[in-house]
Amino acid sequence: MKNLFFAASAVLLFIACDKAKIDVKTSTETDPIANEEWKPVDSATANKAWMDFATPGDMQKMLAKSDGVWSGENTMWMEDGGKPMTSTSTTTNKMIFDGRYQSSEHKGNFMGMPFEGMSITGYDNAKKKFVSTWIDNMGTGLMTMEGDWDASKRSIEFKGKMTDPTRPGKDCNMREVYTFVDDTHQTLEMYGPDSKTGKEYKTMEIKYTKK
């Protein structure tokens with residue numbers, strides 16, 4: 001099975017590399033990938049790289065400790081210095097694809113309306129970064145983020161972008177700080193731009209307790 005996997009990976013790599021060589025000739029000078037010098041990789045090195053990339057490690061095991069059902073106490077601010085709004089939510093975490101990623105389903109309410117969201121979080125072994133995506137029933141876009149683990153603070157600081165519907169065709173910068181307080185408590189702080197000034201402020205905080 002492993003041989004089949006790495007054979008398939010090698011094919012995908014070959015196709016991607018072939019495409020990259022074509023793009024180098026046709027892409028504009030503003031494309032940083034197109035301007036990178038392509039360096040060939042021998043099959044043994046490629047196979048090891050794919051194996052390392054595909055094998056769950058300590059960071060994935062750390063995520064797995066968050067599996068289960070969590071209750072959330074949510075506080076949200078619509079603008080910097082605005083009146084806080086509070087609500088409750090439930091989050092269900094489950095590792096998928098043989099421990100490679102964690103799927104999270106969120107249910108609660110927002111201003112009296114049912115709210116549902118889903119995230120996929122993982123640790124990219126090649127980038128050495130946590131990666132995350134988010135979708136919910138109050139939008140049609142996809143938020144993507146990358147983050148670094150801070151062992152001293154037991155937290156991941158994610159940075160990324162999401163669609164800004166008030167400025168069609170443009171994204172806004174988002175930041176999240178996810179803190180693993182202990183085995184049964186976690187905190188999520190989200191930061192985004194104020195609609196009036198564009199300056200970053202805390203938009204939301206969720207205090208999780210494991211059920």
Side-chain angles (χ1 to χ4, degrees), residues 31-33 53-54 56-68 70 72-80 87 89-97 99-108 110 115-181 185-195 197-208 210:
D31 184 350
I33 297 178
F53 182 58
D58 291 340
M59 292 302 185
Q60 287 84 6
K61 291 176 183 177
M62 183 181 75
L63 279 178
K65 292 180 180 179
S66 297
D67 272 10
W70 299 71
E73 296 180 6
N74 316 320
T75 305
M76 181 175 287
W77 296 267
M78 296 303 292
E79 60 182 8
D80 194 7
S87 63
S89 61
T90 300
T91 298
T92 304
N93 297 331
K94 181 181 179 181
M95 295 300 288
I96 59 175
F97 294 160
R100 290 180 173 84
Y101 306 93
Q102 187 174 72
S103 171
S104 301
E105 294 186 3
H106 308 258
K107 293 185 178 181
F110 176 73
F115 177 82
E116 292 184 66
M118 185 178 76
S119 65
I120 300 292
T121 303
Y123 182 77
D124 188 315
N125 291 341
K127 289 184 176 181
K128 306 299 182 187
K129 287 181 176 288
F130 282 92
V131 291
S132 177
T133 62
W134 171 266
I135 56 174
D136 58 51
N137 67 334
M138 292 191 172
T140 53
L142 181 74
M143 181 168 71
T144 59
M145 310 190 90
E146 292 186 356
D148 296 306
W149 169 247
D150 187 331
S152 64
K153 297 180 180 179
R154 291 180 54 82
S155 68
I156 306 169
E157 183 179 31
F158 285 100
K159 294 180 180 180
K161 294 181 179 294
M162 65 175 291
T163 303
D164 183 350
T166 66
R167 301 187 305 155
K170 295 186 179 295
D171 293 335
C172 63
N173 293 323
M174 301 296 295
R175 185 167 66 91
E176 291 181 353
V177 179
Y178 210 108
T179 304
F180 297 76
V181 180
H185 296 87
Q186 298 178 355
T187 303
L188 171 65
E189 298 169 281
M190 179 176 282
Y191 300 84
D194 182 87
S195 60
T197 66
K199 294 182 179 180
E200 182 187 85
Y201 79 105
K202 183 188 285 191
T203 62
M204 184 173 64
E205 180 178 88
I206 304 177
K207 295 181 178 179
Y208 291 104
K210 195 169 188 178

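Computed from heavy atoms alone, side chains included, the values below leave out hydrogens, waters and symmetry copies.
- Arg100 contributes a side-chain N or O that, together with a main-chain N or O of Phe97, makes up a donor-acceptor pair within less than 3.5 Å.
- No donor-acceptor pair under 3.5 Å is formed between the side chain of Tyr201 and the backbone N or O of Gly192.
- Atom OG1 of Thr179 and atom NE2 of His185 lie 13.5 Å apart (nearest 0.5 Å).
- A donor-acceptor contact closer than 3.5 angstrom links the side chains of Gln186 and Tyr178.
- Across every non-hydrogen atom of Cys172 and Pro193, the tightest pair is CB-CG, 3.9 Å.
- At a cut-off of 3.5 Å, with distance as the only test, a side-chain donor of Ser104 or Asn93 sits close to an acceptor on the other residue.
- Under a 3.5 Å cut-off, the side chain of Asn137 and the backbone N or O of Glu116 do form a donor-acceptor pair.
- Counting only N and O atoms by type, the side chains of Asn74 and Glu205 include no donor and acceptor under 3.5 Å apart.
- Side-chain atoms of Thr91 and His106 include a donor-acceptor pair closer than 3.5 Å.
- Trp149 and Met59 get closest at one heavy-atom pair: CD1-CE, 3.6 Å.
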Next on the checklist: For a side-chain contact (heavy atoms from CB on, under 4.5 Å) check, start with the C-alpha distance between Glu146 and Phe158, then their side-chain angles and the critical distance, and finish with the verdict.
Outcome noted: CA-CA 5 Å; Glu146 292 186 356; Phe158 285 100; 5.7 Å; no
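- Between the side chain of Thr197 and the main chain of Lys199, a donor-acceptor pair closer than 3.5 Å is present.
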Next on the checklist: Between Asp171 and Asp164, is the side-chain contact (heavy atoms from CB on, under 4.5 Å) condition met? List the steps.
Outcome noted: CA-CA 5 Å; Asp171 293 335; Asp164 183 350; over 6 Å; no
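- Between atom CE of residue Met204 and atom CE of residue Met78 there is a gap of 11.5 Å, rounded to the nearest 0.5 Å.
- The line from OH of Tyr101 to OG of Ser119 is 14.0 Å long, rounded to the nearest 0.5 Å.
- Pairing each heavy atom of Ile135 with each of Gly141, the nearest pair is CG2-O, 3.8 Å.
- Panel note: side chain Lys210, backbone Asp67; a donor-acceptor pair is recorded below 3.5 Å.
- Nearest heavy atoms, Phe180 versus Ser66: CE2-OG, 3.6 Å.
- Cation-pi geometry between Arg175 and Tyr191 is met: under 6.0 angstrom from the ring centre, within 45 degrees of the axis.
- Under the 4.5 Å side-chain criterion, counting only non-hydrogen atoms from C-beta, Lys161 is not in contact with Met174.
- With Gln102 contributing its side chain and Thr121 its backbone, the two residues share no donor-acceptor pair below 3.5 Å.
- Put simply, NZ on Lys129 and NZ on Lys159 are 8.5 Å apart, with the number rounded to the nearest 0.5 Å.
- Taking the six-membered ring where tryptophan is involved, the planes of Trp134 and Phe115 are essentially parallel, since the angle between them stays under 30° and well short of 60°.
- To the nearest 0.5 angstrom, Leu188 atom CG is 12.5 Å from Lys207 atom NZ.
- Taking the side chain as every heavy atom from C-beta outward, Leu142 and Thr133 approach each other to under 4.5 Å.
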Checklist entry - Yes or no on side-chain hydrogen bond (donor to acceptor under 3.5 Å, both in side chains) for Glu200 and Asn173, after CA distance, side-chain angles and deciding distance? => result CA-CA 9 Å; Glu200 182 187 85; Asn173 293 323; over 6 Å; no
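- Annotation: the span from Thr187 atom OG1 to Glu73 atom CD amounts to 10.0 Å, rounded to 0.5 Å.
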